[in-house]
Amino acid sequence: MPIIVLDPGHGGTDPGAIGNGLQEKNLTLDIGLKVQKVLEDNFVVDVRLTREADVYAGLSERADYANGLDAAYFVSLHHNAGGGTGFESFIYPGSAASETGRRQDVLHGEMMNFYSTYGLRDRGQKEANFSVLRETAMPAILLENLFIDSVNDTNLLKDPIFLTGLANAIAAGIAKALNLKS
Ligand SMILES: [Zn+2]
């Protein structure tokens with residue numbers, strides 16, 4: 001059974017982005033736990049999280065965890081900040097033509113099918129030299145799910161129905177990208 005590692009960004013003493021009454025670390029964990037449940041309830045898959053509580057985990061520690069499990073896919077969950085709105089995803093620079101890029105196409109596309117029903121902006125499929133993307137030995141992706149400092153975005157991120165839809169979209173995209181068995 002394939003192992004998928006979900007990586008809820010930040011945690012413990014590192015809250016990540018903060019704004020509009022939300023902390024990135026709490027949202028990433030909430031969404032990670034939801035995605036884990038949807039995947040394990042519907043597919044033949046073993047889903048692990050790099051953290052399952054509000055604790056700090058170093059970036060190398062997160063990659064080492066996935067490498068030690070020989071995971072099939074590493075999906076890092078984050079929320080953006082800095083003035084903007086919408087969704088973007090990142091893979092390691094130069095990997096667009098590889099399996100990593102093919103999976104980004106599939107997962108990003110599934111997520112935009114969901115986001116577009118809310119009129120949210122596609123900021124694109126991007127590349128970045130993030131350590132969790134660089135240090136993981138398997139295909140990896142980092143998802144920036146909307147902006148913590150956008151009132152429009154956080155109104156959605158506070159809506160349980162929206163969060164359930166988002167978790168379902170992430171799970172569906174991962175399942176499609178890895179062709180998981182029901
Ligand atoms: Zn983050």
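FYI, the numbering just counts along the sequence from 1. All of these numbers come straight from a predicted model, not from anything done at the bench. Just so you know, ligand 1 is whichever comes first in the structure, and atom 1 is the first atom listed for that ligand.
Of the N and O atoms on the side chains of Y115 and N145, at least one donor lies less than 3.5 Å from an acceptor on the other residue. A donor atom on one side chain and an acceptor atom on the other are not found under 3.5 Å apart for S89 and Q125.
Restricting H10 to its N/O/S atoms, the shortest distance to the Zn ion (ligand 1) is reached by NE2.
Among the atoms of H78, an N, O or S atom is found under 2.8 Å from the Zn ion (ligand 1). In summary, an N, O or S atom of E24 is located under 2.8 Å from the Zn ion (ligand 1).
Judged as a side-chain hydrogen bond (donor to acceptor under 3.5 Å, both in side chains), and not counting sequence neighbours, the contacts of T154 are N20.
Contact annotation: the side chain of T85 never approaches that of L146 to less than 4.5 Å [non-hydrogen atoms, C-beta and beyond].
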